[in-house]
Amino acid sequence: MNLTTKDELLSRFLKANNEPISGQQLAEEFGMSRTAIWKHLQTLQEEGYTFETIKKKGYILTSKPDRVDPARISSFLKTARLGKQVHYYDECTSTQTIAHELVRNGVEDGTIVVAESQTEGKGRMARHWESTKGKGIWMTIIIRPKILPHQAPQFTLIAAVSVVNAIRSLGKSISPEIKWPNDILLNGKKCTGILTEMIAEMDGVQALLIGIGINVNQKLEDFPDELKDIATSLAIEADEKIERAELIAAILQYLEKYTDVYLKLGFEPIKVLWEEFSGTIGKKIKATTLREVIEGTAIGITEDGVLEVKLDNNEIKRIYSADIEIEKPL
């Protein structure tokens, strides 16, 4: 992983499980003087980490700021490819914009861009995405699967299944549902958006940029008034704070797993999972496309991830792109 010496040192403390580590041991492990070790610890303390010195035993990490820096992510990471290279920003315009630049410079498969806040967060159809500082997950995952351009939209659905599984793996009392095509809801309110962009040539995909925005630790007062009735966070619904770095690592683990499943077995296993997690299938919906408004019952998705809607006259309409409203029961 692309950790600096300082981050490697922090990762060592994060994995020590509150056990003290001697300065001499660290000096030997890192091949530097104890003075150099101390200087790195001073820098970490300036960033909000705190250490105590225990006589004859060494240093112990006693508290840490709520950040999603590379060391924190690496302490939870269980992947073979995804997340081995992390580009971390306290603030940026958009992780998608940075990811585009990285792809142009030949960055490797599995690289992620993550930020504590974005000033120009991107949603679907060029909408603004509210990116509260230090409260959510704002990241882009760069993957380079050997696929054809027409297969790219399926990765939005693969990502959605991955995020739902990751949230469930935290073991909190929350049940996320997928709203076609790219939203994840908790109790009918949006907590996650997914934006997949493609860089491709005629004969294949160079890279997919999977942007994931998750409201994690926001309180209700963190949302603008216009979003309070339609948006929520994991912390609001679980009634407890969530470790963001742990959730990032879980998303990467599931995305790697389901990408491999897809490349080996095709879309069918993903389709089954997506429909299982869907909050759209079986519901009366209104779909607003660029050309028309379609009302009917969502009955499933095709092998290409296209939504199928059954109209009152039993006609089946296929929807490739639309804004979806789910009819609430009376």
Side-chain angles (χ1 to χ4, degrees), residues 1-15 30 40-50 61 63-122 129-144 159 162-163 166 192-195 197 207-218 241-253 255-256:
M1 193 169 183
N2 63 327
L3 295 181
T4 63
T5 302
K6 171 181 66 81
D7 283 338
E8 285 182 358
L9 188 61
L10 174 57
S11 184
R12 178 73 174 82
F13 276 99
L14 290 168
K15 291 173 181 174
F30 286 85
H40 282 303
L41 294 183
Q42 286 291 103
T43 304
L44 286 168
Q45 291 198 113
E46 289 166 10
E47 293 177 1
Y49 294 90
T50 58
L61 177 63
S63 71
K64 48 191 186 287
D66 183 12
R67 289 165 46 134
V68 286
D69 53 40
R72 294 286 278 281
I73 294 168
S74 76
S75 69
F76 293 105
L77 206 58
K78 296 175 182 174
T79 54
R81 304 184 307 280
L82 270 59
K84 298 299 181 181
Q85 297 289 319
V86 179
H87 292 257
Y88 169 77
Y89 298 85
D90 185 61
E91 181 178 279
C92 71
T93 52
S94 160
T95 59
Q96 290 288 103
T97 302
I98 292 169
H100 274 278
E101 184 65 30
L102 290 172
V103 169
R104 281 195 289 272
N105 292 330
V107 77
E108 70 181 49
D109 175 50
T111 296
I112 72 168
V113 183
V114 62
E116 298 293 351
S117 69
Q118 301 177 111
T119 56
E120 299 172 21
K122 291 182 181 180
W129 180 274
E130 192 71 32
S131 309
T132 314
K133 187 176 180 69
K135 297 289 182 80
I137 290 173
W138 324 122
M139 72 171 172
T140 299
I141 305 160
I142 299 167
I143 60 173
R144 295 183 181 273
S162 302
V163 172
T192 302
I194 298 167
L195 173 66
E197 295 182 306
L208 295 178
L209 283 55
I210 302 174
I212 299 175
I214 306 178
N215 299 329
V216 181
N217 287 322
Q218 287 94 334
K241 194 173 181 181
I242 306 294
E243 171 66 72
R244 292 181 296 144
E246 181 181 7
L247 181 54
I248 287 174
I251 291 167
L252 297 175
Q253 185 179 352
L255 184 60
E256 184 171 284

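Excluded from the calculations below are hydrogen atoms, water molecules and symmetry mates; all remaining heavy atoms, backbone and side chain alike, are included.
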Checklist entry - For Ala207, what residues pass the side chain to side chain contact (heavy atoms under 4.5 Å, CB included) criterion, not counting sequence neighbours? => result Val103, Ile142, Arg144, Leu209
Item to check | With sequence neighbours excluded, residues passing side chain to side chain contact (heavy atoms under 4.5 Å, CB included) with Glu46 | outcome: none
Item to check | Spacing of CD belonging to Glu256 relative to CG belonging to Asp109, to within rounding of 0.5 Å | outcome: 8.5 Å
Next on the checklist: Could you work out, with salt bridge (Lys or Arg N to Asp or Glu O under 4.0 Å) as the rule, every residue matching Lys135, not counting sequence neighbours?
Outcome noted: Asp222
Checklist entry - If you take all heavy atoms of Ile73 and Ala245, which pair is closest and at what distance? => result N-CB, 4.1 Å
Item to check | Inter-residue atom distance Leu208.CG - Thr140.OG1, 0.5 Å rounding | outcome: 12.0 Å
Checklist entry - So, Glu91 side chain and Ser117 main chain: donor-acceptor pair closer than 3.5 Å or not? => result no
Item to check | Residues forming a salt bridge (Lys or Arg N to Asp or Glu O under 4.0 Å) with Lys78, sequence neighbours excluded | outcome: none
Checklist entry - For Ala249, what residues pass the side chain to side chain contact (heavy atoms under 4.5 Å, CB included) criterion, not counting sequence neighbours? => result Phe76, Leu77
Item to check | side chain to side chain donor-acceptor pair (under 3.5 Å) assessment of Ser63 paired with Thr50 | outcome: CA-CA 5 Å; Ser63 71; Thr50 58; 2.4 Å; yes
Checklist entry - In Å and rounded to the nearest 0.5 Å, what is the CD1 to CD distance from Ile98 to Gln118? => result 8.5 Å
Next on the checklist: Test of understanding: with side chain to side chain donor-acceptor pair (under 3.5 Å), list the residues that count as partners of Glu101, not counting sequence neighbours.
Outcome noted: Arg104
Checklist entry - Leu14 and Ser75: which non-hydrogen atoms are nearest, and at how many Å? => result CB-CB, 4.0 Å
Item to check | Atom pair NE2 (His87) and SG (Cys92), whose distance is rounded to the nearest 0.5 Å | outcome: 12.5 Å
Next on the checklist: My understanding is that only residues two or more places apart in sequence, or in another chain, count here; which of them pass side chain to side chain contact (heavy atoms under 4.5 Å, CB included) with Arg12?
Outcome noted: Ala16, Ile21, Gln25, Leu26, Glu29, Phe30
Checklist entry - Between Lys84 and Glu108, does at least one N-O distance fall below 4.0 Å, as a salt bridge requires? => result no
Next on the checklist: Do Asp90 and Arg67 make a side-chain contact, defined as non-hydrogen atoms from C-beta onward lying under 4.5 Å apart?
Outcome noted: no
Checklist entry - Atom CG in Leu9, atom OG1 in Thr43: separation rounded to 0.5 Å? => result 10.0 Å
Item to check | Side chain to side chain, Thr111 and Ile141, heavy atoms closer than 4.5 Å | outcome: no
Checklist entry - Asn217: what forms a side chain to side chain donor-acceptor pair (under 3.5 Å) with it, not counting sequence neighbours? => result none
Next on the checklist: Rounded to the nearest 0.5 Å, what separates atom CG in Leu252 from atom OG in Ser162?
Outcome noted: 9.5 Å
Item to check | side chain to side chain donor-acceptor pair (under 3.5 Å) partners of Tyr88, counting only residues at least two apart | outcome: Glu116
Item to check | Derivation and outcome, side chain to side chain contact (heavy atoms under 4.5 Å, CB included), residues Leu255 and Thr79 | outcome: CA-CA 10 Å; Leu255 184 60; Thr79 54; over 6 Å; no
Item to check | Heavy-atom closest pair, residues Asn215 and Trp138 | outcome: OD1-CH2, 3.6 Å
Item to check | All salt bridge (Lys or Arg N to Asp or Glu O under 4.0 Å) counterparts of Asp66, not counting sequence neighbours | outcome: Lys241, Arg244
Next on the checklist: So Thr95 and Tyr89, do their side chains get closer than 4.5 Å, heavy atoms only?
Outcome noted: no
Next on the checklist: Is it the case that the side chain of Ser74 and the backbone of Ala71 share a donor-acceptor pair, with hydrogens and angles ignored and the cut-off at 3.5 Å?
Outcome noted: yes
Item to check | Close side-chain approach of Gln42 to Leu44, heavy-atom, < 4.5 Å | outcome: no
Checklist entry - Which heavy atom in Ile210 sits nearest to a heavy atom in Gln96, and how many Å separate them? => result C-OE1, 3.9 Å
Item to check | side chain to side chain contact (heavy atoms under 4.5 Å, CB included) between Val113 and Val86, worked out | outcome: CA-CA 6 Å; Val113 183; Val86 179; over 6 Å; no
Checklist entry - Do Arg72 and Glu246 come close enough that some side-chain heavy atom pair is under 4.5 Å? => result no
Checklist entry - Under the side chain to side chain donor-acceptor pair (under 3.5 Å) test, which residues partner Lys6, sequence neighbours left out? => result Glu47
